[in-house]
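Structure first, then comments.
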Amino acid sequence: MQHLTSSNFGKHHNLKMVGAVRMDRRVALHFVICGALTLFFLHAAMCNTGGTLLGGWTSLNLRSKQVVLVANFAIQHFNTGTSSDSKVNYKLKSISQASSCSVARGTNYRLSFTITPGACKEAGCNLGEFEEKQCTSKVLEETTGGRIVETLSCP
């Protein structure tokens, strides 16, 4: 059996000097990977829970072109979906809250807005029968340019 000294210890055990402590390279790699994954999942959790850390939800200008486009996309989804009043198309009246969060697939938008009856889908409907609705929505704008309505509620 060979006697190990501080000068030949690393050669026999695939060890690397880290500060004043010797650490196996596999253990060091494990710490780096675990740290990176922890930061990734923390960032994702902040986006999903409305956190305020760097990379979390950021308030947006309610009149920005992008916010209006995303809100109109959600309304279009509402008008063609099964939850919509089948006789009328709604249109955007106002936006009361808008925020965004960057994620790996693109940008999440969280919106609160008011819709109002815009036009009848069929002859003989009366727009006066329909009321404004307060809506909340979360829309993903993908890096590829597509949009997905993840949640939409207009009670």
Single-linkage hydrophobic cluster, 4.5 Å side-chain cutoff, Leu127 and Ile75 together = yes
ask   = What residues, two or more places apart in sequence or in another chain, satisfy side-chain contact (heavy atoms from CB on, under 4.5 Å) together with Asn126?
value = Glu129
message = Please report the interatomic distance CD1(Ile115) to CD(Glu131), rounded to the nearest 0.5 Å.
response = 12.0 Å
query = Is it true that a side-chain atom of Lys87 and a backbone atom of Phe130 form a donor plus acceptor pair closer than 3.5 Å?
reply = no
request  = Search all heavy atoms of Ser99 against all heavy atoms of Trp57 and return the closest pair with its distance.
outcome  = OG-CE3, 3.5 Å
ask   = At what distance, to the nearest 0.5 angstrom, does CZ of Arg105 lie from OG1 of Thr143?
value = 8.5 Å
key: Taking every non-hydrogen atom, the tightest pair across Phe113 and Ser137   = CE2-CB, 3.9 Å
query = With sequence neighbours left out, what residues match Gln76 under side-chain hydrogen bond (donor to acceptor under 3.5 Å, both in side chains)?
reply = none
message = To check you understand the geometry: which heavy-atom pair defines the closest contact between Ser100 and Thr107, and what is its length?
response = CB-CG2, 3.8 Å
inquiry  = For the SG atom of Cys101 and the CZ atom of Arg110, what is their distance to the nearest 0.5 Å?
reply    = 8.5 Å
Result block: side-chain N/O donor-acceptor pairs under 3.5 angstrom for residues 146-155, not counting sequence neighbours:
| unit_1 | atom_1 | unit_2 | atom_2 | d |
| --- | --- | --- | --- | --- |
| Arg147 | NE | Glu141 | OE2 | 2.9 |
| Arg147 | NH2 | Glu141 | OE2 | 3.1 |
| Thr151 | OG1 | Lys138 | N | 3.2 |

ask   = Looking only at heavy atoms, what is the nearest atom pair of Val68 and Leu92, with distance?
value = CG1-CD2, 4.2 Å
